[in-house]
Number of protein chains: 2
Amino acid sequence: MRKKTKATSVDIAYRAGVSQATVSRVLRGSPLVNIETRKRVEAVARELNYKVDRHASSLRTQRAGCIALLLFEDPTADESHINPFFLSMLGSITRACAKHGQDLLVSFQQLSDDWHADYENSMKADGLILLGYGDYLAYQSTLDRLVEQGTHFVRWGAVLPGQPGVSIGCDNFHGGQLVGEHLYGMGRRKVAFLGDASSHYPEFFARYRGCGVALHDLGVVMDPALQVDAESSEDAGYAAARTLLERGQPFDAVFAASDLIAIGAMRALTEQRLRVPEDVSVVGFDDIPTARFTNPALTTVYQNTQRAGEMLVDALLRQIRDEPVESQMIPASLIVRKSSGTPIADSED
Amino acid sequence: MRKKTKATSVDIAYRAGVSQATVSRVLRGSPLVNIETRKRVEAVARELNYKVDRHASSLRTQRAGCIALLLFEDPTADESHINPFFLSMLGSITRACAKHGQDLLVSFQQLSDDWHADYENSMKADGLILLGYGDYLAYQSTLDRLVEQGTHFVRWGAVLPGQPGVSIGCDNFHGGQLVGEHLYGMGRRKVAFLGDASSHYPEFFARYRGCGVALHDLGVVMDPALQVDAESSEDAGYAAARTLLERGQPFDAVFAASDLIAIGAMRALTEQRLRVPEDVSVVGFDDIPTARFTNPALTTVYQNTQRAGEMLVDALLRQIRDEPVESQMIPASLIVRKSSGTPIADSED
DNA sequence: CTGAAAGCGCTTACAG
DNA sequence: CTGAAAGCGCTTACAG
């Protein structure tokens with residue numbers, strides 16, 4: 001004897017002996033209701049297990065009460081695995097949404113998809129959170145369009161002047177600096193960088209520049225011949241390290257633009273009988289859960305994803321309410337583990 | 001000059017010189033439209049960047065076109081980290097939903113929350129996917145209620161006779177058998193089990209029983225004194241291994257009910273100067289991404305999460321369409337790595 | 001093949 | 001404090 005028909009506000013009104021409008025007021029928490037009336041309506045609603053119909057409500061108010069999280073990746077990325085760093089962001093975003101009473105729609109997109117128009121125009125979501133590594137220049141025009149259409153969105157990524165929309169991101173430049181200083185402290189002078197280092201990948205680029213500037217300030221120049229492009233995946237890291245090795249340029253440290261890259265690179269190095277960290281220091285970025293368990297454990301840069309998720313949701317909600325919002329950075333901090341080695345008294349050069 | 005007002009079907013109708021009803025037919029793909037008319041309407045819709053309002057549409061059709069994924073955990077679980085196994089399920093569920101043109105609402109719940117009524121009664125979602133480890137008996141009554149209310153849902157978990165609703169799960173029993181046989185093959189005779197082994201945690205229990213039966217068939221009895229309760233977390237695994245050690249009963253293998261437990265257990269064993277796998281074989285369950293990287297690399301049981309995600313979504317969609325649906329199991333397969341050791345010619349007993 | 005009209009279940013001015 | 005009424009933007013029988 002299952003109830004096929006869900007209760008509506010009219011049913012509640014009938015049973016509580018009030019008008020449907022009053023039921024609606026009660027359920028919206030309007031102050032314009034007598035306390036007695038309110039109690040009666042609430043009791044009936046609870047009894048009939050009544051929930052406000054979201055679509056009717058949203059249609060009327062023109063608010064979805066929902067945020068869409070768009071996770072996109074380069075089409076080349078491995079289909080089956082999602083970058084664990086984004087997964088952990090997803091976790092904290094979900095929690096932050098719950099805290100603000102917002103629902104969260106999750107979707108994976110290809111960078112090439114026509115994702116820009118869908119969610120807000122169809123009223124599915126009041127705003128968008130954009131998350132993903134990928135070629136920045138390739139989708140900058142899409143961001144411009146979003147701004148132009150008045151779509152509410154925040155982006156996780158590089159925080160740079162003159163960017164369309166609002167971004168929340170890690171202080172990648174400072175993170176890179178920390179790595180550069182640390183590697184210098186370990187006696188390393190020939191630091192390779194694995195990861196795209198161009199404005200196509202502004203986050204990686206900032207990490208690269210940060211490291212370069214730190215070393216420069218210490219009197220060391222990063223050799224461009226020791227930089228190899230790589231997107232954020234283990235396979236790309238492996239391939240990049242192989243390329244680096246084939247170039248034959250000597251190096252004593254690898255700064256990988258992400259932990260995934262670092263893991264792949266360590267595999268390539270080990271295969272070539274190079275010891276980490278004795279022969280080569282390796283440092284990653286992101287502090288994914290696996291980083292503690294690599295062999296040797298990976299020195300890396302930590303970003304507080306919990307915090308980041310909250311800031312993204314906060315910024316978006318503020319934007320939806322037409323409040324002023326600024327792009328912001330969260331701090332980076334270095335987590336020293338075994339893979340970067342122990343200080344070397346005398347450097348080789 | 002941003003458009004504050006989104007185009008509606010009336011706008012499209014006006015510009016295309018047809019009735020609003022016809023616009024709706026075109027956008028729903030009704031065959032009852034002249035091809036010329038259709039083209040004209042589509043052109044205008046595209047030009048105005050028109051998307052059907054989801055709420056209006058859903059209100060009318062009484063379908064959300066959306067599925068809700070409810071991820072729940074024991075309240076005791078660590079706030080910040082989500083079980084990586086479920087994260088990877090989330091990934092495949094998201095993809096499967098996209099393939100079926102369904103949106104996906106994601107939410108974390110505490111086992112104690114009042115999650116049962118919300119999503120479908122409020123019409124937010126046409127059905128629910130339930131995902132999570134936790135005390136089964138504690139929420140069985142909730143499942144009963146869901147069934148009684150006619151809520152559409154599928155559950156990831158143990159597949160047992162007489163369960164409310166439909167479940168998709170791994171063949172945990174067989175997975176356990178594989179582990180038992182493998183450990184026996186490694187010469188192990190005193191196998192400890194870390195993880196709850198009662199009907200409160202049917203998945204863990206099935207793994208335990210599978211292992212026990214396999215060993216029994218080989219003439220070995222699992223000692224109940226070597227079983228220690230643990231929920232699926234690293235800390236719980238660590239604590240359970242400590243408890244096991246304190247009991248002073250000799251053991252030469254640990255079957256951990258999940259990889260997270262195994263990782264924590266290995267830490268505890270190593271701290272006590274026990275060598276893995278020389279002194280103790282360790283086997284986990286789930287094959288989370290980190291399993292390849294533990295030291296030694298973790299032997300574990302793999303479940304195809306890609307497949308599982310598709311099956312969950314498929315089953316739910318079928319149920320929503322009132323088609324018959326059965327509970328199903330996906331196969332388990334053993335992944336042998338270093339942590340279970342190399343065969344020992346002579347066993348100790 | 002097309003249009004006029006009813007109605008999905010709410011929210012919120014408006015009037016009292 | 002409460003009710004009657006309009007209307008959010010669609011979908012779909014119904015009539016033609």
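Letters A, B, ... are given to chains in the order of the sequence lines, protein chains preceding strands, and every chain is numbered from 1. Atom set for the values below is all heavy atoms of this structure, side chains included, hydrogens, waters and symmetry mates excluded.
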**Complete:** With B for base contact, S for sugar-phosphate-only contact and - for none (protein heavy atoms under 4.0 Å), nucleotides 11-16 of chain D reads BBB---
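Partners of A/Thr305 under the side-chain hydrogen bond (donor to acceptor under 3.5 Å, both in side chains) rule, at least two apart in sequence or in another chain, are A/Ser88. For B/Phe153, there are no ring-ring contact (aromatic ring centres under 6.0 Å, His included) partners at least two apart in sequence or on another chain. For B/Phe86, the ring-ring contact (aromatic ring centres under 6.0 Å, His included) partners two or more places apart in sequence, or in a different chain, are B/Tyr133. Listed by chain and number, the residues in a side chain to side chain contact (heavy atoms under 4.5 Å, CB included) with B/Arg28 are B/Ser24, B/Ser57, B/Thr61 (sequence neighbours excluded). Residues forming a side-chain hydrogen bond (donor to acceptor under 3.5 Å, both in side chains) with B/Ser107 (at least two apart in sequence, or on another chain): B/Gln109, B/Tyr119. A search for side-chain hydrogen bond (donor to acceptor under 3.5 Å, both in side chains) contacts involving B/Asp103 returns A/Lys124, B/Arg54, not counting sequence neighbours. Contacts of A/Glu323 classified as salt bridge (charged side-chain N to carboxylate O under 4.0 Å, His left out), with partners at least two apart in sequence or in another chain: A/Arg318, A/Arg321. Residues satisfying the side-chain hydrogen bond (donor to acceptor under 3.5 Å, both in side chains) criterion with A/Gln102, sequence neighbours excluded, are absent altogether. For A/Arg25, the side chain to side chain contact (heavy atoms under 4.5 Å, CB included) partners two or more places apart in sequence, or in a different chain, are A/Ala21, A/Thr22, A/Ser30, A/Leu32, A/Val33.
Counting only Watson-Crick or G-U wobble pairs whose defining distances are both under 3.5 Å, the stems of 3 or more consecutive pairs in DNA chain D are C:1-3 with D:14-16, C:5-12 with D:5-12, C:14-16 with D:1-3.
One can place CE of A/Met123 at 9 Å from C1' of D/dC8, the figure rounded to the nearest angstrom. Rounded to whole Å, atom P of C/dG7 lies 17 Å from atom CG of A/Leu59. Rounded to an integer number of Å, the gap from B/Asp11 CG to D/dC8 C1' is 14 Å. For the pair B/Tyr14 OH and D/dC10 C1', the interatomic distance rounds to 21 Å; values are reported in whole Å. Here the P atom of nucleotide C/dG7 and the CG atom of A/Asp53 are 18 Å apart, to the nearest Å. What separates CZ of B/Arg63 from P of D/dG9 is a distance of 24 Å, to the nearest Å. One atom, NZ of B/Lys51, and another, P of D/dG9, lie 18 Å apart when rounded to the nearest Å.
The shortest heavy-atom contact between A/Val159 and A/Ile168 is CG2-C, 4.1 Å. The shortest heavy-atom contact between A/Val26 and A/Arg38 is O-NH1, 3.5 Å.
Look at B/Tyr50 and you'll find a side-chain N or O under 4.0 angstrom from OP1 or OP2 of D/dC10.
Heavy-atom distances under 4.0 Å link DNA chain D to no residue of residues 33-45 of chain B.
Here the separation of C/dT12 from C/dG16, taken at their C1' atoms, is 16 Å to the nearest Å.
Among the protein residues, B/Val18 comes within range of the sugar-phosphate backbone only, with heavy atoms under 4.0 Å from sugar or phosphate atoms but none that close to a base.
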